[in-house]
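Notes to accompany the following structure.
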Protein chains: 2
Amino acid sequence: METILVIEDDPRIQKALTRQFAAEGYTVHVSQDGDAGMAAVFAVRPHAVVLDLMLPGLSGREICKKIKSEMNEIPVIVLSAVSEVADKVLLLELGADDYVTKPFSPRELLARVQAAIRRNQRSASKPSLSMETYSFGNIVVNFTRMDVLKEGTYVILTAHEFKLLRYFIEHAGHAVTREKLLNEVWGYQNYPTTRTVDNLLLRLRQKLEPDPANPVHFQTMHGIGYRFEPQPATVRQ
Amino acid sequence: METILVIEDDPRIQKALTRQFAAEGYTVHVSQDGDAGMAAVFAVRPHAVVLDLMLPGLSGREICKKIKSEMNEIPVIVLSAVSEVADKVLLLELGADDYVTKPFSPRELLARVQAAIRRNQRSASKPSLSMETYSFGNIVVNFTRMDVLKEGTYVILTAHEFKLLRYFIEHAGHAVTREKLLNEVWGYQNYPTTRTVDNLLLRLRQKLEPDPANPVHFQTMHGIGYRFEPQPATVRQ
DNA sequence: TCCCGATTGTCATTTCTTTGTCAGAATGTA
DNA sequence: TACATTCTGACAAAGAAATGACAATCGGGA
């Protein structure tokens, strides 16, 4: 799904926009000020940026220019009071793709953001969930053959193990609770002990981890659940 | 067929809207004032609500907020005079799906109501997520990964620490008492010593503050509690 | 301004919770 | 029935939270 970065310091607007965009299925990122916002642009690479012109830290104008000069492909929609953009020329100079003046209708903003994303959609290619193989570390998972290749030798997974692995791969990098796993992998009607999840995890680790005693791909989130990490943490900077 | 609830006290508008929507095949319910309107929302569970902002009884603003907080899936289209929505924040806070300013074209209203219903049906199946990351200072909080990036390195938070952080972010800039935190973060039935809160705060500061000895983001409110400040105080006006 | 009591910061220790791991029982399947 | 798979319970190990003690700090009143 598309991601939207909202750079806005007013918590009320933050909340309102988050709810609005989330309800439409977008993944929302929020930055509190200009500097954090600029960092988030690079970290998140959103499909669109909604930018308040009046910001603490780096000013909205500077951010807009910077995004446009360094990552021109990301559309920027500016929020501004009428007085702030007396003439549209200024906005165009900034390089903004579109703008909405306050007060604005949430619907209108959404429409403009969607339009901007659509206009920009030339390079978009979603990762498909019906992929044939997926590899991480020294593992190659083959979804059609339903088997796993580890360092050149085949590892046999049971049906449950494979289903769990697939779930993790589809939610790579997300912290997931045991309850979530029980629901998604086992099915809503099953409610075995939580030890069941641990057991399956244990076996996945033993079969797939380079060193099962020190798991790097299947991380424990104490008090929460587990998280699948295609790249071990040490690789991340 | 779809049902529409019209909350509006002007009999002429009532009649006009009723005729209009009925002609399009909708089942129309009309409420005279705010209280009746709120009751009708629960009783009828309409596919859309057309809501006048200026109402006797419960104000239109309150109704809108209430519907959105308790039955977010019902789209609300607000009728308002231009002067009533001068404040951008107000409009956003209400959470209305769309709005039409008086005087309005009946056709336009109809189109917007239909669009809202259609949108709602499309998105009804999608799970609504909230924000994925929130950034402030040199911190990026990732809610799905359940971790924090500080100046390029990952900081591990415990489940409680993360919950507290989330609460602070959701209440940025608000002073909160220890009791409030104990209730919201620990749960209503728990009443550990207040030192517990201080301890967790200490750890949050040590993990997130640029200089834990001189906290800028997690401020102490002597005699009250704490306050999360996304921007260091000096930057604010 | 200075002092005193109240509030908060901090740390070490204890207590509690969660997770890892294993063995055996139960279940399903060929 | 025999086999593989999954579930359960037990216990150890790891991790997190709560507690209590004491120092540092703050704020209001003398």
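Every chain is numbered from 1 and lettered A, B, ... according to where its sequence line falls, protein lines coming before strand lines.
Put simply, the side chain of A:L79 does not reach to within 4.5 Å of the side chain of A:L53, judged on heavy atoms. With a 4.5 Å cut-off on side-chain heavy atoms, B:Y134 and B:L165 do not count as touching.
Summarising the geometry, the separation between CD on A:Q219 and C1' on D:dG15 is reported as 16 Å, rounded to the nearest angstrom. Rounded to whole angstrom, the span from the CZ atom of B:F218 across to the P atom of C:dG9 amounts to 13 Å. Distance CZ (A:R178) to C1' (C:dG20): 10 Å, rounded to an integer number of Å. In this structure, the CD atom of B:E209 is 11 Å from the P atom of C:dT10, given to the nearest Å. Rounded to an integer number of Å, the gap from B:H160 NE2 to C:dT18 C1' is 13 Å. Atom CG in A:L202 sits about 14 Å away from atom C1' in D:dA12, given to the nearest Å. Atom pair A:F162:CZ and D:dT6:P shows a separation of 13 Å (rounding to whole Å applied). With rounding to whole Å, A:D198 atom CG is found 18 Å from D:dA12 atom P.
Remark: the A:N199 side chain and the D:dT8 base include a donor-acceptor N/O pair separated by less than 3.5 Å.
Within the structure, every side-chain polar atom (N or O) of B:T220 is placed at least 4.0 Å from both OP1 and OP2 of C:dT7. Between A:Y226 and C:dT18 there is no side-chain N or O to OP1 or OP2 distance below 4.0 Å. Residue A:R195 places none of its side-chain N or O atoms closer than 4.0 Å to OP1 or OP2 of D:dT6. Put simply, B:R203 has a side-chain N or O that comes within less than 4.0 Å of OP1 or OP2 on D:dA17.
Among the atoms of the strands shown, only primed sugar atoms or phosphate atoms (P, OP1, OP2) are found under 4.0 Å from some heavy atom of B:Q206. When heavy atoms are screened at a 4.0 angstrom cut-off, B:I156 is found touching no nucleic acid atom at all.
Residues B:I139 and B:L208 approach most closely at CD1-O, 3.5 Å, considering heavy atoms. B:A172 approaches A:P11 most closely through the heavy-atom pair O-CG, 4.3 Å.
Considering only the side chain of A:H222, C:dT18 comes nearest among C:dG20, C:dT10, C:dT18. Set against D:dT19, D:dC7, C:dT19, the side chain of A:T196 has D:dC7 as its closest nucleotide. For B:W186, counting side-chain heavy atoms from C-beta on, the closest listed nucleotide (C:dT21, D:dA18, C:dT8) is D:dA18.
With B:K150 contributing its side chain and B:N138 its backbone, the two residues share no donor-acceptor pair below 3.5 Å.
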